[in-house]
A.B. asks: 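Before I ask anything, here is the structure I am working with.
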Amino acid sequence: MRNSPYTLRNPKERSSSVVFASPHSGRAYGWDFLQNSILDERLIRSSEDAYVDKLFQAAPDCGAPLLAANTPRAFVDFNRGTEELDPALVRGVRRPALNARISAGLGVIPRVVAGGRAIYHGKMSMSEAQTRLNDTWFPYHNQLQTLLDQSHRAFGEAILIDCHSMPHDALRNVMLPQGRPEIVLGDRHGASASSGIVGGIENAFQRAGFIVARNIPFAGAFVTQHYGRPSRQQHVIQVEIDRSLYMNEAQIRPNGQFHNIQARLAEAIQEICDIGRTCEKLAAE
């Protein structure tokens, strides 16, 4: 995993306080990692938010940066805290207080991929785990914090759109009057973003033709909890899009609707960026 852990695409001119990030779309699977896994190259991708970075690629053209992971989620999960180490995977880790994500094998260094399939034969050392975090997790989050700080300086606020995808089966038991949700917005039930901003983002997706739900079945994880500080004008909204809309989930390939969904998302991205615009930048920019 010697490649950069992320790709940053900046707009020609930063004209919005909005930042888009895709922490789970990384697909730079290193040869050593694949050799040490008991999974094949397709199964190891089952936890990946495949192509989400491409779905949201219009962000820089709308005046907002797009930070996209290169590091795969199966290697290091950027939507977990560094303390979420799994004692069943990393030697020398003390058993933590009750943490459903770690218990399920989905800590910051995952033990399993989707469906509970184990990634490794055995355990790894604490030094190997720390090297992974130092090489990937910290650079990604340092860059994310830099982008949010830049928004604060230029616009007096920061709005982070944390972009994800969800398996179609995750929505099996979720039904709205207008039908099954296609996009789920997570704001930790109001704790990570102001209601006005979340409402504006919801409207943007609805106007692009999507059925939108809030916080069910996904309300947000580490990124929303760690960075969401609406009282300090720092708002974080997690966006989950139904994978079946744009890809064949079994084959992990774009389907015939990919470009249509991408174009509709571009409409929503433009409107979301408009939420984060000001008439003039602050003098600090």
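Source: prediction; values computed, not measured. Any value given below was found using the heavy atoms of this structure, including those in side chains, with hydrogens, waters and symmetry copies removed.
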A.B. asks: Kindly indicate, with the supporting measurements, whether the criterion side chain to side chain contact (heavy atoms under 4.5 Å, CB included) is fulfilled by D187 and V236.
C.D. replies: CA-CA 7 Å; D187 65 354; V236 183; over 6 Å; no
A.B. asks: For the CZ atom of F78 and the CG atom of D162, what is their distance to the nearest 0.5 Å?
C.D. replies: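 The CZ atom of F78 sits 12.0 Å away from the CG atom of D162.
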A.B. asks: Report the distance from atom CD1 of I272 to atom CD1 of I201, rounding to the nearest 0.5 Å.
C.D. replies: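 Atom-to-atom, I272:CD1 and I201:CD1 are 5.5 Å apart.
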A.B. asks: Can you name the nearest heavy-atom pair linking A268 to F205, along with the distance?
C.D. replies: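 A268 and F205 have their closest heavy atoms at CB-CD2, 3.6 Å.
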A.B. asks: Could you tell me which non-hydrogen atom of S47 sits nearest to which non-hydrogen atom of A114, and how far apart they are?
C.D. replies: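 Result for this residue pair: OG-N, 2.8 Å.
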A.B. asks: Report the C-alpha distance between Q238 and E240 in whole Å, list the side-chain angles of each, state the deciding distance to 0.1 Å, and finish with yes or no for side-chain hydrogen bond (donor to acceptor under 3.5 Å, both in side chains).
C.D. replies: CA-CA 7 Å; Q238 178 177 281; E240 298 270 3; 3.3 Å; yes
A.B. asks: Tell me if the CZ atom of R253 is crowded by more than 12 foreign heavy atoms within 6.0 Å.
C.D. replies: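 At most 12 heavy atoms, drawn from other residues, nucleotides or ligands, come within 6.0 Å of this atom.
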A.B. asks: Could you tell me whether the side chains of Q234 and H152 share a donor-acceptor contact shorter than 3.5 Å?
C.D. replies: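 The answer is yes; a qualifying pair exists.
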A.B. asks: Below 4.5 Å, heavy atoms only, C-beta onward: do R27 and E48 meet side chain to side chain?
C.D. replies: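 The answer is yes, as the side chains (C-beta and beyond) meet within the 4.5 Å cut-off.
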A.B. asks: Check this for me: does any side-chain nitrogen of one of R45 and E41 sit under 4.0 Å from a carboxylate oxygen of the other?
C.D. replies: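 Result for this pair is no, no salt bridge flagged.
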A.B. asks: When rounded to the nearest 0.5 angstrom, what is the spacing between CG in L147 and CZ in R14?
C.D. replies: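 Rounded to the nearest 0.5 Å, the CG-CZ separation comes out at 5.5 Å.
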A.B. asks: Of all the heavy-atom pairs spanning V112 and A104, show the shortest one and how long it is.
C.D. replies: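 Result for this residue pair: CG2-O, 3.4 Å.
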A.B. asks: Please tell me if the side chains of R9 and F20 come closer than 4.5 Å, counting only heavy atoms from C-beta onward.
C.D. replies: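 Not touching, per the 4.5 Å side-chain cut-off.
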A.B. asks: With the side chain counted from C-beta on, respond yes when L185 and V239 share a heavy-atom pair under 4.5 Å apart, and no when they do not.
C.D. replies: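 Yes - at least one pair of side-chain heavy atoms lies under 4.5 Å apart.
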A.B. asks: Counting N and O atoms only, with roles assigned by atom type, does the side chain of S151 sit under 3.5 Å from a partner on the main chain of A158, one being a donor and the other an acceptor?
C.D. replies: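 Not a single qualifying donor-acceptor pair exists.
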A.B. asks: What are the two closest heavy atoms between A50 and Y246, and how far apart are they?
C.D. replies: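 Shortest heavy-atom contact: O-OH, 2.9 Å.
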A.B. asks: Would N260 and Q257 count as a side-chain hydrogen bond (donor to acceptor under 3.5 Å, both in side chains) if you check the C-alpha gap in whole Å, the side-chain angles of each, and the deciding distance to 0.1 Å?
C.D. replies: CA-CA 5 Å; N260 175 52; Q257 288 299 307; 3.1 Å; yes
A.B. asks: For T7 and N70, test the side chains for any donor-to-acceptor distance below 3.5 angstrom and give the result as yes or no.
C.D. replies: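 Yes, N70 and T7 have a side-chain donor paired with an acceptor closer than 3.5 Å.
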A.B. asks: Taking all non-hydrogen atoms of both residues into account, name the closest pair between I44 and A74 and its distance.
C.D. replies: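 In this case the closest contact between I44 and A74 is O-CB, 3.9 Å.
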A.B. asks: Has the side chain of D49 got a donor or acceptor atom that lies under 3.5 Å from a matching backbone atom of M166?
C.D. replies: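 It does not hold such a pair.
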A.B. asks: Does the R229 side chain pair with the main chain of Q225, one donor and one acceptor, at a distance under 3.5 Å?
C.D. replies: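 Answer holds: yes.
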A.B. asks: Is any side-chain heavy atom of D86 closer than 4.5 Å to one of I109?
C.D. replies: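 In short, these two side chains do not touch, never coming nearer than 4.5 Å.
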A.B. asks: Could you check whether R214 and H189, counting side-chain N and O atoms only, form a donor-acceptor pair closer than 3.5 Å?
C.D. replies: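 No, R214 and H189 have no side-chain donor paired with an acceptor closer than 3.5 Å.
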A.B. asks: CG/D53 to OG/S22 distance, rounded to the nearest 0.5 angstrom?
C.D. replies: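 Reported value, rounded in 0.5 Å steps: 5.0 Å.
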A.B. asks: Going through the distances and angles, do I38 and I119 end up as a side chain to side chain contact (heavy atoms under 4.5 Å, CB included)?
C.D. replies: CA-CA 6 Å; I38 60 178; I119 298 173; over 6 Å; no
A.B. asks: Is the side chain of T131 donor-acceptor paired with the backbone N or O of S127 at a distance under 3.5 Å, no angle test?
C.D. replies: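 Side chain of T131 to backbone of S127, a donor-acceptor pair under 3.5 Å: yes, one is there.
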A.B. asks: Under 3.5 Å, is there a donor-acceptor pair between the N99 and E84 side chains?
C.D. replies: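 Short answer, yes.
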A.B. asks: Between N248 and P254, is there a donor-acceptor pair closer than 3.5 Å when you use the side chain of the first and the backbone of the second?
C.D. replies: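 Side chain of N248 to backbone of P254: no pair is present.
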A.B. asks: Taking it one step at a time, do S16 and R277 satisfy side-chain hydrogen bond (donor to acceptor under 3.5 Å, both in side chains)?
C.D. replies: CA-CA 4 Å; S16 175; R277 298 191 204 282; 5.0 Å; no
A.B. asks: Are L106 and L89 in one and the same hydrophobic cluster, where Ile, Leu, Val, Met, Phe, Trp and Tyr link if side-chain heavy atoms are under 4.5 Å apart?
C.D. replies: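 Different clusters: L106 never reaches L89 through Ile, Leu, Val, Met, Phe, Trp or Tyr contacts under 4.5 Å.
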A.B. asks: Does Y29 belong to the same Ile/Leu/Val/Met/Phe/Trp/Tyr cluster as M247, with side-chain heavy atoms less than 4.5 Å apart forming each link?
C.D. replies: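 Looking at the clustering, M247 is in a separate group from Y29.
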A.B. asks: Let's go through N215 and V184 carefully: what are the C-alpha distance in whole Å and the side-chain angles of both, what is the deciding distance for side chain to side chain contact (heavy atoms under 4.5 Å, CB included) to 0.1 Å, and is it a yes or a no?
C.D. replies: CA-CA 7 Å; N215 294 309; V184 176; 6.0 Å; no
A.B. asks: Verify whether one side chain among N142 and Q145 offers a donor that lies under 3.5 Å from an acceptor in the other.
C.D. replies: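 On atom types as modelled, these side chains do not qualify, holding no pair under 3.5 Å.
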A.B. asks: Applying a strict under-4.5 Å side-chain criterion to I, L, V, M, F, W and Y, I'd like to know whether F218 and L265 cluster together.
C.D. replies: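 No, F218 does not connect to L265 through the hydrophobic network.
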A.B. asks: So, taking the atom named CG in N36 and the one named NE2 in H121, what distance separates them when rounded to the nearest 0.5 Å?
C.D. replies: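 The NE2 atom of H121 is 9.0 Å from CG of N36, to the nearest 0.5 Å.
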A.B. asks: Check whether NZ of the Lys or CZ of the Arg R111 lies under 6.0 Å from the centre of the six-membered ring of Y120 and within 45 degrees of that ring's axis.
C.D. replies: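 Not satisfied by the 6.0 Å and 45° rule.
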A.B. asks: Distance-only, no hydrogens or angles: does the Y6 side chain make a donor-acceptor pair with backbone N or O of T136 under 3.5 Å?
C.D. replies: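 Looks like no, no N/O pair under 3.5 Å.
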A.B. asks: After noting the C-alpha distance and the side-chain angles of R207 and E267, does the key distance pass the salt bridge (Lys or Arg N to Asp or Glu O under 4.0 Å) rule?
C.D. replies: CA-CA 9 Å; R207 276 192 277 269; E267 296 176 13; over 6 Å; no
A.B. asks: Should P5 and D135 count as side-chain neighbours, where that means a heavy-atom distance under 4.5 Å?
C.D. replies: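 When only atoms from C-beta onward are counted, D135 and P5 do not touch, as no gap falls below 4.5 Å.
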A.B. asks: Between R42 (side chain only) and A250 (backbone N and O only), is there a donor and an acceptor less than 3.5 Å apart?
C.D. replies: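 Yes, R42 side chain to A250 backbone: donor-acceptor pair under 3.5 Å.
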A.B. asks: With side-chain hydrogen bond (donor to acceptor under 3.5 Å, both in side chains) as the criterion, how do S17 and E157 come out once you've worked through the C-alpha distance, each side chain's angles and the decisive distance to 0.1 Å?
C.D. replies: CA-CA 6 Å; S17 64; E157 68 171 13; 2.9 Å; yes
A.B. asks: Do side-chain atoms of R188 reach the backbone of G220 as a donor and acceptor pair under 3.5 angstrom?
C.D. replies: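 It does hold such a pair.
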A.B. asks: Quick one: are S46 and R117 in side-chain contact, heavy atoms under 4.5 Å?
C.D. replies: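 Sidechains of R117 and S46: in contact.
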A.B. asks: Side-chain contact test, heavy atoms from C-beta onward, threshold under 4.5 Å: evaluate it for I275 versus I159 and give yes or no.
C.D. replies: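 Yes, side chains in contact.
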A.B. asks: In the hydrophobic cluster built from side-chain contacts under 4.5 Å, what are the other members alongside I216?
C.D. replies: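 Its cluster partners, ordered by chain and number, are V174.
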A.B. asks: Please check this pair: side chain of R132 against backbone of F75, looking for a donor-acceptor N/O pair closer than 3.5 Å.
C.D. replies: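 Indeed, once roles are kept as given, a pair shorter than 3.5 Å links the two residues.
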A.B. asks: With the side chain counted from C-beta on, respond yes when I183 and I211 share a heavy-atom pair under 4.5 Å apart, and no when they do not.
C.D. replies: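 Of all side-chain heavy-atom pairs linking I211 with I183, none is under 4.5 Å.
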A.B. asks: Do R264 and F210 meet the cation-pi criteria used here (NZ or CZ under 6.0 Å from the six-membered ring centre, within 45° of the axis)?
C.D. replies: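 Output yes; distance and angle both within limits.
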A.B. asks: Calculate, to the nearest 0.5 Å, the distance between atoms CD and CG belonging to Q130 and L85 respectively.
C.D. replies: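 Reported to 0.5 Å precision, the distance equals 7.5 Å.
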A.B. asks: Is L171 reachable from M175 through a run of hydrophobic residues whose side-chain heavy atoms are each under 4.5 Å from the next?
C.D. replies: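 No; tracing contacts between hydrophobic side chains, which count when under 4.5 Å, never links both residues.
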A.B. asks: Assess whether side chain to side chain contact (heavy atoms under 4.5 Å, CB included) is satisfied between V113 and L43, documenting all intermediate values.
C.D. replies: CA-CA 8 Å; V113 295; L43 285 177; 5.6 Å; no
A.B. asks: Counting only pairs under 3.5 Å, give me each side-chain donor-acceptor contact of residues 54-68, with atom names and distances, residues two or more places apart or in other chains.
C.D. replies:
none

A.B. asks: Is there a continuous path of hydrophobic side-chain contacts, each under 4.5 Å between heavy atoms, that joins I241 to L176?
C.D. replies: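 As far as the 4.5 Å side-chain criterion goes, L176 and I241 are not connected within one cluster.
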A.B. asks: Testing the basics here: between E182 and G209, what is the closest heavy-atom pair and its distance to 0.1 Å?
C.D. replies: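 Minimum heavy-atom contact is OE1-O, 3.8 Å.
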A.B. asks: Which residues pass the side chain to side chain donor-acceptor pair (under 3.5 Å) test with Q233, sequence neighbours left out?
C.D. replies: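 Q233 satisfies side chain to side chain donor-acceptor pair (under 3.5 Å) with no residue once adjacent residues are dropped.
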A.B. asks: Quick check, are the ring centers of Y227 and H235 under 6.0 angstrom apart?
C.D. replies: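 Not under 6.0 Å, so no.
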